[in-house]
J.: 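Below you'll find the structure I mean.
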Amino acid sequence: MENQTEAKKVMFSGIQPSGNLHIGSYLGAMKNWVALSEQYDCYYCIVDEHSITVRQNPADLRRRSVLQLAQYIACGLDPQKNTLFIQSHVHEHAELGWILNCYTMFGELSRMTQFKDKSAKNAENINGGLFTYPTLMAADILLYGAHYVPVGADQKQHVELTRDIAIRFNNLYGDTFIVPEPYIPKVGARIMCLSNPTSKMSKSDPAGCVFLMDSPDEISRKFKRAITDSDTEHCVRYAPEEKPGVANLMSIYSSVTGKTYEEIEKEFDGKGYGAFKPAVGDAVIETLRPIREETERLLADKAYLKEIYTEGAQRAQYVARKTLRKVAKRIGFVEKPF
Ligand code: ATP
Ligand code: LTN
């Protein structure tokens, strides 16, 4: 009989350690990851090489990379069931990234929304890495033969480009890569900024962003100040076009409580925003409390965290090396003598 583990499909995802994780990254991506651990063979990476496309303070980058590993575990990712590792520890990512650059068009990279956004925000540092960011991301995914990539909606375009690159390579050299699919949650795929609900929640706007490590007081304050709507109706109703602020709060509330939009409308019928906003805040506080506490506990044990990322990198590299060898052979590189 076929081995159960071998039959499992593969998941790969990553988050940049370029800032503190927030409920956008949690509800849009990580929460999904936890639910998938049993069913899939999962690789979750801390993509520090992607982070340096924007200038980082070295000490902060190092600290946040380890913090992020602790947060992955605190969110419920069991390091025995998932391969948790740091991207720069597996050099095959950078190597395959280079190769894939040669199979990706300038026009394709120019069309990426994240590149356009980030180059507008970092006009003084539009470096080559920012431009070729998606080919490194494609390498991350393709090295492990990932079938699915659980991400928030903003990353769909990058996964689609990964598919195009994989198909192009397979057409040239024969089946080499598994063509991955994005795996996007129905609720929580796009959490918007609390102070400006027409743009996505992002660490670059801390007032409108709820971080996983925020204290209950901070969370409560941020939700009380959340922009709802200028209408006079003051009614909790799901209408994303008309009432984007309320829709965003409903989507957050729905993600953390599991309640449907209808149930939420009923719960706050006749109660107005004055009751709704603190209720969302409280639900988020209770969701984040155990995560924050467990993160703090894990951070106190640096030796354990090192053990986890060492084992993770070893497991990841075993798979990555095999893929890279196959690719090198296909494109005509002389076989590595060691
Ligand atoms: P930021 O805009 O804060 O810099 P980012 O996109 O660089 O965010 P990452 O931390 O690298 O953020 O994203 C990690 C994961 O979280 C990705 O899968 C991304 O799709 C998802 N994500 C990030 N922000 C949101 C959001 N506001 N809503 C839903 N998902 C999100
Ligand atoms: N580009 C993603 C982070 C990322 C990623 C990946 C996600 C890097 N490599 C591989 C999924 C799979 C972001 O900016 N959020």
Side-chain angles (χ1 to χ4, degrees), residues 10-33 36 42-54 56 64-65 67-68 71-72 75 85-88 90 93-94 96-97 100 112-115 117-118 120-122 129-130 132-163 165-166 180-206 208-212 244 248 251-252 255 316 320:
V10 179
M11 286 271 175
F12 184 98
S13 198
I15 298 185
Q16 304 184 56
S18 53
N20 293 322
L21 294 180
H22 50 80
I23 55 167
S25 25
Y26 177 65
L27 300 176
M30 290 162 79
K31 189 167 175 244
N32 233 337
W33 300 0
L36 302 165
C42 301
Y43 294 81
Y44 295 121
C45 188
I46 292 152
V47 289
D48 54 348
E49 290 173 330
H50 278 106
S51 287
I52 61 162
T53 55
V54 171
Q56 302 292 329
R64 280 196 307 252
S65 299
L67 167 65
Q68 196 166 302
Q71 288 177 311
Y72 280 5
C75 282
F85 71 106
I86 299 175
Q87 186 184 33
S88 62
V90 181
H93 289 245
L96 183 63
L100 297 182
M112 294 295 117
T113 336
Q114 185 171 295
F115 171 66
D117 289 351
K118 291 206 173 171
K121 279 191 200 148
N122 302 283
L130 197 62
T132 58
Y133 179 112
T135 53
L136 180 60
M137 176 160 163
D140 298 342
I141 298 168
L142 299 178
L143 274 176
Y144 301 95
H147 298 85
Y148 300 108
V149 184
V151 282
D154 62 306
Q155 293 301 311
K156 188 165 177 241
Q157 197 185 28
H158 286 160
V159 182
E160 274 160 6
L161 179 62
T162 303
R163 290 173 60 83
I165 299 170
E181 280 177 42
Y183 190 100
I184 296 169
K186 287 196 187 73
V187 180
R190 210 167 142 75
I191 301 295
M192 310 308 276
C193 173
L194 296 187
S195 47
N196 174 14
T198 50
S199 60
K200 79 162 190 162
M201 182 176 285
S202 158
K203 56 205 163 230
S204 51
D205 182 358
C209 180
V210 178
F211 296 102
L212 300 193
N248 186 40
S251 136
I252 295 172
S255 290

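Indexing begins at 1, ligand by ligand and atom by atom, following the structure's order.
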J.: Does Gln114 come within less than 4.0 angstrom of ligand 2, counting non-hydrogen atoms of the residue?
T.: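 Gln114: in contact with ligand 2 (<4.0 Å).
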J.: For ligand 1, is any non-hydrogen atom under 4.0 Å from Arg190's backbone (N, CA, C, O), its side chain (CB onward), both, or neither?
T.: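 The answer is the backbone of Arg190.
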J.: So, Ser51 and Gln56: side-chain donor and acceptor under 3.5 Å apart, yes or no?
T.: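 No, no side-chain donor-acceptor contact under 3.5 Å.
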J.: Do Gln16 and Gln68 meet the criterion of a side-chain donor-acceptor pair at a distance under 3.5 Å?
T.: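 Not at all, the side chains of Gln16 and Gln68 share no donor-acceptor pair under 3.5 Å.
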J.: Heavy-atom contacts under 4.0 Å between Asp154 and ligand 2: side chain, backbone, both, or neither?
T.: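 It is neither part, as no heavy atom is under 4.0 Å.
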J.: Atom CG of Leu143 and atom SG of Cys45: how far apart are they, to the nearest 0.5 Å?
T.: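 Interatomic distance, Leu143 CG to Cys45 SG, rounded to 0.5 Å: 10.0 Å.
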J.: Any atoms of ligand 2 less than 4.0 Å from a non-hydrogen atom of Val47? List them with their elements.
T.: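 Listed by number with element, the hits are 8 (C), 9 (N).
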J.: Does a side-chain heavy-atom distance below 4.5 Å link Val149 with Tyr183?
T.: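 No, side chains not in contact.
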J.: Looking only at distances, can you tell me whether any N or O atom of Asp154, backbone or side chain, sits closer than 3.5 Å to an N or O atom of ligand 1?
T.: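 N/O-N/O distance under 3.5 Å: yes.
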J.: His22 heavy atoms, cut-off 4.0 Å: which ligand 1 atoms fall inside?
T.: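 With His22 as reference, the close atoms of ligand 1 come out as 3 (O), 24 (N).
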J.: Less than 4.5 Å apart, any side-chain heavy atom of Ser195 and any of Asp205?
T.: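 Heavy-atom side-chain distance check passes, below 4.5 Å.
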J.: Under 4.0 Å from any heavy atom of Val151, which atoms of ligand 2 are there?
T.: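 Listed by number with element: 7 (C), 11 (C).
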J.: What do you reckon, are the aromatic ring centroids of His158 and Phe115 less than 6.0 Å apart?
T.: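 No, too far apart.
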J.: Have a look at Gln87, Gln16, Met137, Glu49 and point out the one with the heavy atom closest to atom 6 (C) of ligand 2.
T.: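 Closest candidate by heavy-atom distance is Met137.
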J.: Could you list the atoms of ligand 1 found under 4.0 angstrom from a heavy atom of Met201?
T.: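 Listed by number with element: 24 (N), 27 (N).
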J.: If you take all heavy atoms of His93 and Gln87, which pair is closest and at what distance?
T.: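 Nearest pair, atom of His93 first, then Gln87: ND1-CG, 3.8 Å.
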J.: Trp33 vs Tyr72 aromatic rings, parallel, tilted or perpendicular, using cut-offs 30° and 60°?
T.: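 Geometry flag for Tyr72 against Trp33: perpendicular rings.
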J.: For ligand 2, indicate whether the residue Ile15 contacts it via side chain, backbone, both or neither (heavy-atom separation under 4.0 Å).
T.: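 It is neither part, as no heavy atom is under 4.0 Å.
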J.: Closer than 4.0 Å to some heavy atom of Ala189 - which atoms of ligand 1 meet that?
T.: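 Near Ala189, meaning under 4.0 Å from one of its heavy atoms, ligand 1 has 28 (N), 29 (C), 30 (N).
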J.: List the closest protein heavy-atom neighbour of atom 9 (N) of ligand 2: residue, atom name, distance to the nearest 0.1 Å.
T.: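 Of every protein heavy atom, Asp140 OD2, 2.7 Å lies nearest to atom 9 (N) of ligand 2.
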J.: Would you compute the distance between atom CG of Leu194 and atom NE2 of His22 and round it to the nearest 0.5 angstrom?
T.: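 Nearest 0.5 Å value for the CG-NE2 distance: 11.0 Å.
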J.: With atoms numbered from 1 as shown, which atoms in ligand 1 lie under 4.0 angstrom from a non-hydrogen atom of Gln155?
T.: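 Once the distances to Gln155 are compared, the set is 20 (O).
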J.: I'd like to check which ligand 2 atoms, numbered from 1 as shown, lie under 4.0 Å from a non-hydrogen atom of Val149.
T.: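 Here the atoms of ligand 2 in question are 11 (C), 12 (C).
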J.: Which ligand 2 atoms, with their elements, are less than 4.0 angstrom from a heavy-atom of Ile141?
T.: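 Numbered from 1, ligand 2 contributes 10 (C), 12 (C).
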J.: For atom 31 (C) of ligand 1, state which one of Ser204, Gly28, Ala153, Gly24 supplies the nearest heavy atom.
T.: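 When every heavy atom of Ser204, Gly28, Ala153, Gly24 is considered, Gly24 comes closest to atom 31 (C) of ligand 1.
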J.: Could you go step by step and tell me if Asp48 and Ser88 meet the side chain to side chain donor-acceptor pair (under 3.5 Å) rule?
T.: CA-CA 6 Å; Asp48 54 348; Ser88 62; 2.5 Å; yes
J.: Please step through side chain to side chain donor-acceptor pair (under 3.5 Å) for the pair Ser251 and Asn248, ending with a clear verdict.
T.: CA-CA 5 Å; Ser251 136; Asn248 186 40; 4.7 Å; no
J.: With only distance considered, is Ile191 within less than 3.5 Å of ligand 1 through an N or O on each side?
T.: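 Indeed, backbone or side chain, Ile191 has an N or O that close.
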J.: At a 4.0 Å threshold, what atoms of ligand 2 neighbour a non-hydrogen atom of His50?
T.: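 Those of ligand 2 that fall under 4.0 Å from His50 are 8 (C), 9 (N).
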J.: Atom CG of Asn196 and atom SG of Cys209: how far apart are they, to the nearest 0.5 Å?
T.: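 Taking CG in Asn196 and SG in Cys209, the distance rounds to 12.5 Å.
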J.: Among all protein non-hydrogen atoms, which one is nearest to atom 1 (N) of ligand 2, and what is the separation to 0.1 Å?
T.: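 Here the nearest protein heavy atom works out to Tyr133 OH, 2.6 Å.
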J.: Taking distance alone, with N or O pairs closer than 3.5 Å, would you say Gly152 contacts ligand 1?
T.: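 Indeed, backbone or side chain, Gly152 has an N or O that close.
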J.: Yes or no: does Gly19 have any heavy atom under 4.0 Å from an atom of ligand 1?
T.: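 Gly19 does not count as a contact of ligand 1 under the 4.0 Å cut-off.
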J.: For Ala29 and ligand 1, does the shortest N/O to N/O distance drop below 3.5 Å?
T.: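 Such a contact does not occur with ligand 1.
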J.: Hey, is NZ on Lys156 packed in by over 12 heavy atoms from elsewhere, all under 6.0 Å?
T.: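 It does not: Lys156 NZ has 12 such atoms or fewer within range.
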J.: Looking only at protein heavy atoms, identify the closest one to atom 7 (C) of ligand 2 and say how far it is in Å.
T.: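 Residue, atom and distance for the closest contact: Gly14 O, 3.4 Å.
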J.: Looking at Lys200, which atoms of ligand 1 are within less than 4.0 Å of one of its heavy atoms?
T.: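 Atoms satisfying the 4.0 Å criterion: 2 (O), 5 (P), 6 (O), 8 (O), 23 (C), 24 (N), 27 (N).
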J.: Salt bridge or not for Asp154 and Arg190, using N-O below 4.0 Å?
T.: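 Judged by the 4.0 Å cut-off on N to carboxylate O distance, Asp154 and Arg190 do not form a salt bridge.
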